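These notes are about the structure you will find just below.
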Amino acid sequence: MCLLNLIRGMSVVLMLSLLALSSSAHKITPNAQFSLLTCTPGPDLYSLFGHSAIRYQDSISGKWVDVVYNYGTFVFDDDFYVKFARGKLDYVLSLENFANFQIEYIQTGRGIFEQVLNLSTEQKQKLFDLLQENAQPENRTYRYDFFYDNCSSRIRDMMIRATADGVKDALGYRAPDTSALRMMNRIEFSYVYPDKRTYRQAIQKYLNFQPWSDFGIDLALGMPCDREIQKMGFMFLPDSLMKDFHYASIGDVPVASPDQELMPQEYEPSVDVFFTPIVVMMMVLVLHILLSFIFWRKGVSLVLTDRILFFVIGMLGLLVVFLWFFTDHQATKWNLNLLWANPLYLILAFLPIKVIHGKFRKWISFFLVILTATLVFWFVLPQRMHLAAIPLTLALILSMIKILRPLLLASVRSQAAMRG
């Protein structure tokens, strides 16, 4: 492994040295070729949606260069997960020898498709200059956004800039100006998607293979993900980028050739159809009902399972609040999962039952109304929430009813005594 890394490192250094010799004034040769690479999904969550990159082949200073401009590079350090959770994770445009780029996909059995870009010499030169300048240390870092600014959408934006009329634009490389890109765009993306979809619906076909990731993502993402995707918006997904470029043209000239399979896909995604979130949450609900019935008959209104339920749901609610108010993620704002995953349940998890019956009596009634209304209007809310949350909501409703039952009985008895 050390020898492999050394060889890869030496080849990258050589390739970077060759490209370093070429400045923005370097003239590409007539044999220069750019192509769009689309990599199939992998087994890990970060690779579940596939990947896109730009391949460049040419001779520089008498040496043949076959490199990949990769917008999907990040530094994995001790703060990686913290940065990712807070929406402060920076990605980098990196350059890598194509042979080395393939290694990860060979090892994981993922396929690679290539579409040669049908660009004029002027457009190729402009794309090369843009990529070279973007790869400079002062320009190569950008703030990653899964839906709006990622490895696929950056390639779309670069292609729009490279094929635009006029001289070099002044958009920079930090964050794309979508309005300016639309105004300068000459590419006709003619593919018509069969139905209107939201961002959440667009990623669902990938998440079907990872049910627990699907549950977590549906919990974390708020109403912005349920917006309908507008034209050109689908290209945040590598598969969609490949499809859109297949049907794209400038005038009568296709932008890309039909895709060619460079590496076959050997990895076949699979899913555990039994221990899915829905099945597990249904089991939790059934267990909660059984234990509640047993202790209810003994006159106990609040048992350990209620407190565990309050604690777990409260922690989930705390996560939703954190992602909404304390991160830079835009997709986690306005999250209606707070209707059932309320962080205030953490208080109920530890309070004595007498205190709950006293000071928190009105709050319990309020929680019960909110939970019931959420359940009734579940499928018409402006945000689609995961079905596995329904059994948890029913379990919470049962707990609220159990807490209120002694109070209701006491109230009925008091009114009866007054009438008597």
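Bear in mind that the values here come from a model prediction, so they are computed numbers and not experimental data. These numbers come from the heavy atoms of this one structure, side chains and all, not from hydrogens, waters or symmetry mates.
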If we ignore angles and hydrogens, is there a donor and acceptor under 3.5 Å between the side chains of [X] and [Y]?
{"X": "Thr141", "Y": "Asp90", "result": "no"}
{"X": "Tyr56", "Y": "Asp58", "result": "yes"}
{"X": "Asp306", "Y": "Ser399", "result": "yes"}
{"X": "His51", "Y": "Asn70", "result": "yes"}
{"X": "Ser35", "Y": "Glu114", "result": "yes"}

Closer than 3.5 angstrom, by distance alone: can the side chain of Gln123 be matched with the main-chain N or O of Ser120 as a donor-acceptor pair?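 Side chain of Gln123 to backbone of Ser120, a donor-acceptor pair under 3.5 Å: yes, one is there.
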State whether the side chain of Ser249 and the backbone N or O of Pro254 hold a donor-acceptor pair below 3.5 Å, judged by distance alone.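 Here the side-chain-to-backbone pair does not exist.
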Return the orientation label for the [X] and [Y] ring planes: parallel under 30°, perpendicular over 60°, tilted otherwise.
{"X": "Phe326", "Y": "Phe322", "result": "parallel"}
{"X": "Tyr71", "Y": "Tyr142", "result": "perpendicular"}
{"X": "Tyr191", "Y": "Tyr193", "result": "perpendicular"}
{"X": "Phe215", "Y": "Trp212", "result": "perpendicular"}

So does [X] have more than 12 non-hydrogen atoms from other groups sitting under 6.0 Å from [atom1]?
{"X": "Phe325", "atom1": "CZ", "value": "yes"}
{"X": "Met282", "atom1": "CE", "value": "no"}
{"X": "Glu122", "atom1": "CD", "value": "no"}

Side chain proximity check, [X] to [Y], heavy atoms < 4.5 angstrom:
{"X": "Leu48", "Y": "Pro43", "answer": "no"}
{"X": "Phe245", "Y": "Asp259", "answer": "no"}
{"X": "Trp324", "Y": "Leu338", "answer": "yes"}
{"X": "Val65", "Y": "Gln57", "answer": "no"}
{"X": "Ile250", "Y": "Val255", "answer": "yes"}
{"X": "Val68", "Y": "Leu95", "answer": "no"}
{"X": "Asp66", "Y": "Asn97", "answer": "no"}
{"X": "Gln230", "Y": "Glu228", "answer": "yes"}

Could you tell me the separation between the [atom1] atom of [X] and the [atom2] atom of [Y], rounded to the nearest 0.5 Å?
{"X": "Tyr267", "Y": "Thr108", "atom1": "OH", "atom2": "OG1", "answer": "9.5 Å"}
{"X": "Leu130", "Y": "Ile54", "atom1": "CG", "atom2": "CD1", "answer": "9.5 Å"}
{"X": "Tyr173", "Y": "Arg154", "atom1": "OH", "atom2": "CZ", "answer": "10.5 Å"}
{"X": "Asn185", "Y": "Thr178", "atom1": "CG", "atom2": "OG1", "answer": "12.0 Å"}
{"X": "Trp334", "Y": "Cys225", "atom1": "CH2", "atom2": "SG", "answer": "15.0 Å"}
{"X": "Phe49", "Y": "Cys151", "atom1": "CZ", "atom2": "SG", "answer": "11.5 Å"}

N-O pairing of [X] and [Y] below 4.0 Å:
{"X": "Asp226", "Y": "Arg384", "result": "no"}
{"X": "Asp195", "Y": "Arg197", "result": "yes"}
{"X": "Arg143", "Y": "Asp149", "result": "no"}
{"X": "Glu138", "Y": "Arg174", "result": "no"}

Given Phe101 and Ile112, is the side chain to side chain contact (heavy atoms under 4.5 Å, CB included) satisfied, shown in steps? CA-CA 10 Å; Phe101 177 80; Ile112 299 179; 4.3 Å; yes
Shortest non-hydrogen contact from [X] to [Y]?
{"X": "Leu398", "Y": "Ser292", "answer": "CD2-OG, 3.9 Å"}
{"X": "Ala220", "Y": "Thr332", "answer": "O-CG2, 3.3 Å"}
{"X": "Arg110", "Y": "Ser47", "answer": "NH1-CB, 3.4 Å"}
{"X": "Leu404", "Y": "Arg361", "answer": "CD2-O, 4.1 Å"}
{"X": "Phe234", "Y": "Ile229", "answer": "N-CG2, 3.5 Å"}
{"X": "Ile160", "Y": "Met232", "answer": "CD1-CE, 3.4 Å"}

Worked verdict on Phe275 versus Val280 for side chain to side chain contact (heavy atoms under 4.5 Å, CB included): CA-CA 6 Å; Phe275 286 105; Val280 172; 4.3 Å; yes
Between Leu181 and Leu171, is the side chain to side chain contact (heavy atoms under 4.5 Å, CB included) condition met? List the steps. CA-CA 9 Å; Leu181 286 168; Leu171 294 181; 3.8 Å; yes
Tell me, with the steps shown, if Tyr105 and Gln265 meet side-chain hydrogen bond (donor to acceptor under 3.5 Å, both in side chains). CA-CA 9 Å; Tyr105 300 94; Gln265 179 181 358; over 6 Å; no
Indicate every side-chain donor-acceptor pair of residues 385-395 with a distance under 3.5 Å to a residue at least two apart or in another chain.
unit_1 : atom_1 : unit_2 : atom_2 : d
His386 : ND1    : Ala388 : N      : 3.0
His386 : NE2    : Asp214 : OD2    : 3.4
Thr393 : OG1    : Ala389 : O      : 2.8

Any chance you could lay out the ring-ring contact (aromatic ring centres under 6.0 Å, His included) test for Tyr148 and Tyr199, step after step, and finish with the verdict? CA-CA 10 Å; Tyr148 310 113; Tyr199 287 97; 5.5 Å; yes
Do Phe146 and Phe236 pass the ring-ring contact (aromatic ring centres under 6.0 Å, His included) test, and can you show the C-alpha distance, the side-chain angles, and the key distance before you say yes or no? CA-CA 7 Å; Phe146 179 72; Phe236 78 96; 5.7 Å; yes
Full working for side chain to side chain contact (heavy atoms under 4.5 Å, CB included) between Ile203 and Ile217: CA-CA 10 Å; Ile203 63 176; Ile217 288 175; 4.3 Å; yes
Distance under 6.0 Å and angle within 45° of ring axis: Arg55 vs Phe98: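 Yes, Arg55 and Phe98 form such a contact.
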Lys168 and Asp129: CA distance, side-chain angles, deciding distance, salt bridge (charged side-chain N to carboxylate O under 4.0 Å, His left out) verdict: CA-CA 9 Å; Lys168 176 183 173 182; Asp129 293 342; over 6 Å; no
Which pairs pass side-chain hydrogen bond (donor to acceptor under 3.5 Å, both in side chains) with one or both residues in residues 335-347, sequence neighbours excluded?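 Sorted pair list: Asn335-Asn337, Asn335-Gln383, Asn337-Trp340.
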